[in-house]
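These numbers were taken from a predicted model, which means no experiment stands behind them. Proteins come first, then strands; the chains are lettered A, B, ... in the order of their sequence lines, and each starts at number 1.
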Amino acid sequence: MNSLEKQMASLNSAQLQAVTLPPQSALILAGAGSGKTSVLTTRMAWLISTGQTRTQSILAVTFTNKAAKEMMTRLSALLPMNTRGMWVGTFHGLCNRFLRAHHREANLPATFQILDTQDQLSAIKRLLKSMQVDTEKFQPKQVQNFINGSKEDGLRPADVEANDYFYKKLVEIYTAYDAQCQREGVVDFPELLLRAYEVLKANEALRMHYQTRFTHVLVDEFQDTNTLQYAWLKLIASPQTVMMAVGDDDQSIYAFRGAKVENMRLFEREFAQHNVIKLEQNYRSYGHILNAANALISQNNNRLGKNLWTDRGEGEPIRIYEATSDYAEADFVIEEIKAQINEGAVRRDIAVLYRANAQSRVIEHALFNAGVPYRVYGGLRFFERAEIKHALAYLRLIDNPHDDTAFMRVVNFPTRGIGARTIEQLQDTAKSLNSSLWGAVQHASGSGAAKLLAFAQMIDGLRFDTQHLPLPELVDHVTAHSGLIAHYKADREGADRLENLSELINAAAAFVQVEGHKDSTTASETDEDDTMMTPLAGFLSHAALEAGDNQAQAGQDAVQLMTVHAAKGLEFNTVFILGLEEGLFPHENSLSDADGVQEERRLMYVAITRARVRLYMTLAQQRMLHGQTRYGIKSRFLDELSDDDVKWLTPRVRYDAWSNTAKATEDTPSFGTFKESKKDTLGYRVGQSVSHAKFGDGVIVKLEGSGEDTRAYINFGAGFGIKCLALNIAKLETH
DNA sequence: ATTCGTTTTTTTTTT
DNA sequence: AAAAACGAAT
């Protein structure tokens, strides 16, 4: 029995049905832990091994690079095959590949560069300045959201409805922004998709080519597709194409990026009429964990509906711990981790999840002090570090000197006497010539002209010197001769940055290895549309698209730290979910609308379902946030779990929203955190009715601290909920 | 032009 | 708390 046969024998009937589906489009509704990735990969292996299709005819789209890699690994384990010519990747990665191959049709330079979110924002700031737009009224971030949102809906400036002055102006900015990008030969994230879509739509020959080439299109995490991505999929699919969309509406957590869960219903109607398969058996988690997840998510409405079950037994209840502060929370987590490691747990099977990246610092600190190896995913990634972005900017200028964003980043870094004044003049010149900054250098006037020319010559020199160098040496040469190395050497706090720069050379070497390997296998295949990218251009788009996911201490067995978003698709034996406080999880920015809270709930659902065996949830009464101490109250999500599935490790304080008292039920031994004693609370008492200028009438449900430091939790009813106010500051009226 | 110190603003999640 | 923006001094 080969490995594919073995794999197929281990599937349950629903899974097997999905894998061996006849050539018709289908929607697979796959709950968390139901073996979704297995189904997808086994399906591909089965299609190939039964001779129903060739590797080149498969298009598989995932959402993260991690998932794409995982898919390839599993696939090659199932089936000894060459993965060349197979299109597996993220939407952005595939569209990049497509645009590189057809840059002429897309009206882009062969060396077009990709703007990441930061770059895009600075490009927008630059544009707003040159258009003399009031940035108070039109905030760069807001403009960015508008542009990206429009693109994600597939709308060009001409397609956006603008009825009032504000929107008309936004559309005007959008138009100018697109023109600026086009002139500079750069492309932002949503533009990758939109451009690819438009090329495909306008060019029938090309469309026919891809439609006949791809007989099978498989999409993972379909609930996270946005309007444009769905439209792109529809364009690449002919009526004969067999589409398989796999998704879970309960795990849709990317609405902020334009994702439309509705796409699942649309897909069902437009492709998979009655061809829907539900995968409802969960192989990952024990009963209590799954019950908790089910109970939580049942609070949402408009679900497609499914019933996830397991036959693994109850397992351990979810442990909930209320710490006095974020530091105490971290200490608790570290103690538990150490205990588990002592019991023989493997570090990489333990994950610490949090809502926002900023939360990682306290935990990192504690882990570091405890000497526990850990690895942080996300946060400030390798390719997002300032020194790396500087180095990349030099590399981008070598590839395409008209890239104004890169130009601006390094024209005066390290400082070479080109100040704000000179740049302003250069920008004016560029505007009047309708050229890039680079193009305007030749015509620069004023005192800084000579310095600008010297800078341009240096870039030209770098390009000339490195034209025949292999990529790693090229990177080495550029970091050394641009003055970056010298600059950080002179800085006594630049050691880390120097290290990162040499790490960049390693990354380039690693990139060449991987890509070079691909090239040598591709050579035999006559795949006419394979990409023609210079190694440098390839490396740069790699840097923009993958943001250095696995740069850090790879390979070492370490505790895993990441946001809940980053944890999607992963699973661990032990999971800690931190910061279960109102305002943090659910996050305050999403509390204003009901959809936002539902998305937060789905996020919590994703977090819970990551755990196989043991799950902890923690909260802190007091937390440093944005530079000041905040007093949080327990997350509503904790109330949505059944008491049968949880075990409080700390005394539990119940806030009954509509009564006047907070009841402390001591069903577990006290840890001494709730020492209640008679103390001075500025004359306030629990249960007292008060009134606040902004929040209206409320009732004190809990008092903390004493004297000047007395803080009160006050329930202001449905409108504002429970707030924590410092009584010596808050202006309250008593009645 | 650059540096250094002060003030203000901004804080979610990501390809 | 940290970054960015601003302003004054060098």
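Comparing A:Glu600 and A:Asn412 by the nucleotide of DNA chain B whose heavy atom lies nearest to each, the residue mapping closer to the 5' end is A:Asn412. Between A:Gly93 and A:Thr422, the residue anchored nearer the 5' end of DNA chain B, judged by the nucleotide with its closest heavy atom, is A:Thr422.
Residue-level contact check: A:Ile418 touches the backbone only, with heavy atoms under 4.0 Å from sugar-phosphate atoms and none from bases. A:Phe91 comes within 4.0 angstrom of nothing in the nucleic acid, heavy atoms only. Within 4.0 Å (heavy atoms only), A:Lys568 reaches no atom of the nucleic acid at all. Counting any heavy atom pair closer than 4.0 Å across all strands shown, A:Arg416 reaches sugar-phosphate atoms only and no base atom.
For the P atoms, the distance from B:dT12 to C:dA5 is 16 Å, rounded to whole Å.
Looking only at side-chain heavy atoms (C-beta outward), A:Ile58 and A:Phe214 stay at 4.5 Å or farther from each other.
Whole-Å rounding puts the A:Met562 CE to B:dT12 C1' distance at 17 Å. Residue A:Leu584 contributes atom CG, which lies 12 Å from atom C1' of B:dT11 at whole-angstrom precision. Per the geometry, CD belonging to A:Glu384 stands 11 Å off C1' belonging to B:dT15, to the nearest Å. The distance from atom CG of A:Asn357 to atom P of B:dT14 is 5 Å, rounded to the nearest whole Å. Rounded to an integer number of Å, the gap from CD of A:Gln425 to C1' of B:dA1 is 13 Å. Spacing between atom CG of A:Leu591 and atom C1' of B:dT12 amounts to 12 Å, rounded to whole angstrom units. Put simply, OH on A:Tyr354 is 13 Å from C1' on B:dT12, counting in whole angstrom units. Distance, A:His92 NE2 to B:dT14 C1': 9 Å, rounded to whole Å.
Pairs passing the ring pair (Phe, Tyr, Trp, His ring centres under 6.0 Å) check and including a residue from residues 111-131 of chain A, sequence neighbours excluded, do not occur.
Considering only side-chain N and O atoms, A:Ser590 lies nowhere under 4.0 angstrom from the phosphate OP1 or OP2 of B:dT12. Taking 4.0 angstrom as the limit, A:Lys141 places a side-chain polar atom (N or O) nearer than this to OP1 or OP2 of B:dT11. The side chain of A:Asn589 contributes no N or O atom lying less than 4.0 Å from OP1 or OP2 of B:dT13.
When distances run from any side-chain atom of A:Asn65 to the nucleotides B:dT15, B:dT13, B:dT3, the shortest one goes to B:dT15. Residue A:His626 places its side chain closer to B:dT11 than to any other of C:dA1, B:dT11, B:dT13. Nearest nucleotide to the side chain of A:Ala566, out of B:dT12, B:dT14, B:dT2: B:dT14. Closest contact between the side chain of A:Phe256 and the listed nucleotides B:dA1, B:dT14, B:dT15 involves B:dT14. With distances taken from any side-chain atom of A:Met624 to the nucleotides B:dT3, C:dA1, B:dT15, the minimum falls on C:dA1.
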* Quick one, give me the B/S/- string for nucleotides 2-10 of chain C, reading 5' to 3', where B means a protein heavy atom under 4.0 Å from the base and S means that only happens at the primed atoms, P, OP1 or OP2. => S--S-----
* To do: Starting from the C-alpha separation in whole Å, work towards a yes-or-no answer on ring-ring contact (aromatic ring centres under 6.0 Å, His included) for A:Trp87 and A:Phe98.
  => CA-CA 10 Å; A:Trp87 278 45; A:Phe98 174 86; 7.2 Å; no
* Working for side-chain contact (heavy atoms from CB on, under 4.5 Å), residues A:His365 and A:Phe368 -> CA-CA 5 Å; A:His365 186 78; A:Phe368 184 83; 5.8 Å; no
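For the pair A:Lys234 and A:Tyr230, the distance from NZ or CZ to the six-membered ring centre is under 6.0 Å and the angle to the ring normal is within 45 degrees. For the pair A:Arg375 and A:Tyr377, the cation-pi test (distance below 6.0 Å, angle within 45°) is passed. For the pair A:Arg602 and A:Tyr605, the cation does not sit on the ring face, since its NZ or CZ is not both under 6.0 Å from the ring centre and inside 45° of the axis.
The distance between the ring centers of A:Phe63 and A:Phe91 falls below 6.0 angstrom. Ring centers of A:Phe407 and A:Phe455: under 6.0 Å apart, within the cut-off.
Remark: the A:Arg355 side chain and the B:dT13 base include a donor-acceptor N/O pair separated by less than 3.5 Å.
The aromatic ring of A:His565 does not sit over the base of B:dT13; the criterion of centres under 5.5 Å apart with planes under 30° is not met.
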* Asked: Dot-bracket for DNA chain B: what is it, with Watson-Crick or G-U pairs under 3.5 Å, [ ] where a pair crosses earlier ones, and | for a pair to another strand?
  -> ||||||||||.....
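Remark: A:Asn302 CG is loosely packed, at most 12 non-hydrogen atoms of other residues, nucleotides or ligands lying under 6.0 Å away.
A:Asp399 and A:Thr111 share no side-chain donor-acceptor pair at under 3.5 Å.
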